[in-house]
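Reviewing the structure listed below.
Chain identifiers are assigned alphabetically (A, B, ...) following the order of the sequence lines, protein sequences preceding nucleic acid strands; residue numbering begins at 1 within each chain.
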There are 2 protein chains.
Amino acid sequence: MQSEINKKLEAKQIKPTPMRQLVLNLLLQEPSALSLRELEEKFDKVDKSTIYRTLQTFQAHYLIHAIEDGSGSLRYAVCEENCTCEPHHLHFHFLCLKCQHTYCLHDYPIQIPQLPEKYQVISANFVIKGICPNCKA
Amino acid sequence: MQSEINKKLEAKQIKPTPMRQLVLNLLLQEPSALSLRELEEKFDKVDKSTIYRTLQTFQAHYLIHAIEDGSGSLRYAVCEENCTCEPHHLHFHFLCLKCQHTYCLHDYPIQIPQLPEKYQVISANFVIKGICPNCKA
DNA sequence: GAAATGTCTGCAACCCGGTTGCAAAGTCAG
DNA sequence: CTGACTTTGCAACCGGGTTGCAGACATTTC
């Protein structure tokens, strides 16, 4: 699995440091997107700025994407294989108002409406809010 | 026009205080959604907490809606006539990455995909980012 | 292997949006 | 006018995000 992690890092031209391996590992294991603070809490003694910069690096290399779910903090989740974070690669996200988890709805690609010509679309962030299956019970 | 403002306030059962009249007036005049800070700057000597609470009141009465555009601050815009801020009343928003203005795309109602039954949808926030017609030039 | 270079990490501090407690000012019914 | 309630202004706080800097670590070059 370690080699699994490293392969993913190197595929995106990211030098695999211990810190980065750990963070990526956590992100891969989690079914929901994690915030900076949530990541921080999973470590005992790692500074948030280190994690922050790790996440910045990951984003710059399209390894993860940030989700603005309106919960007050950004959430991060690993991108799909060949994602370039362009609009046609994006999917919906679901924020559960009860457990406050945010899930990638990978099977639900977003569709951006045809806007008037003069609008140039670069990116998008579609968040649906409600109660997730786990909390509905 | 003053009576116009008051009518809107009273239609939503909001007592028309001077502060509220001014804030609503500003929101109505602006073509883009305004942040707390932007509103604050339009006044000379009004405290942000007052504006903040005014906006909270407006939201609670469905007079305005807040937009999480990912710019770091919430933006507020006046709702359409009979809006209840439920998903089927919502529209797309467009954040211009150049001028940082956020526009309501009233003519583009959002469409939420049919999720598996166990997801209960309550609300949504769809933001498209790019360059707006004014900045494209 | 030691020196020099560059990258990564930890700490502290800061910025800024949002939020709250509290007291003063304003509103309004009796 | 008085007392009850609402609204406003001030100050302070909280928490996420961000940055500067110095020390740790890795990598190259000789």
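One atom, OH of B:Y52, and another, P of D:dT7, lie 16 Å apart when rounded to the nearest Å. What separates CZ of B:R53 from P of D:dA11 is a distance of 14 Å, to the nearest Å. What separates CD of A:E41 from P of D:dG16 is a distance of 9 Å, to the nearest Å. Rounding to whole angstrom units, CD of residue A:Q21 and P of D:dC25 are separated by 16 Å. The CG-P distance, from B:D47 to D:dC13, rounds to 16 Å in whole Å. When rounded to the nearest whole Å, the span between CD of B:Q56 and C1' of D:dT8 equals 15 Å. One atom, CD of B:E68, and another, C1' of C:dG18, lie 13 Å apart when rounded to the nearest Å. Per the geometry, CZ belonging to A:R37 stands 12 Å off P belonging to D:dC14, to the nearest Å.
Between B:L74 and A:T17, the residue whose closest nucleotide on DNA chain C is further toward the 5' end is A:T17. Comparing B:P18 and B:K48 by the nucleotide of DNA chain D whose heavy atom lies nearest to each, the residue mapping closer to the 5' end is B:P18. Mapping B:M19 and A:R75 onto DNA chain D by nearest heavy atom places B:M19 closer to the 5' end of the strand.
If you check every strand for non-hydrogen atoms under 4.0 Å, B:S73 touches sugar and phosphate atoms only. Among the heavy atoms of the strands lying under 4.0 Å from A:S49 is at least one base atom, whether or not backbone atoms are also near.
Applying the salt bridge (charged side-chain N to carboxylate O under 4.0 Å, His left out) test to every pair with at least one member in residues 69-90 of chain A, sequence neighbours left out, gives these pairs: A:D69-A:R75.
Side-chain contact, B:T84 with B:H89: a donor N or O sits under 3.5 Å from an acceptor N or O.
With salt bridges taken as basic N to acidic carboxylate O contacts below 4.0 Å, none links A:K42 and A:E38.
Judged by atom type and distance alone, B:K45 does not reach the base of D:dG9 through any side-chain donor-acceptor pair under 3.5 Å.
Applying side-chain contact (heavy atoms from CB on, under 4.5 Å) to B:L63 and the options B:R20, B:K12, B:Q13 leaves one that passes, B:K12.
Relative orientation of the B:F126 and A:F126 rings is parallel, given thresholds of 30° and 60° on the angle between their planes.
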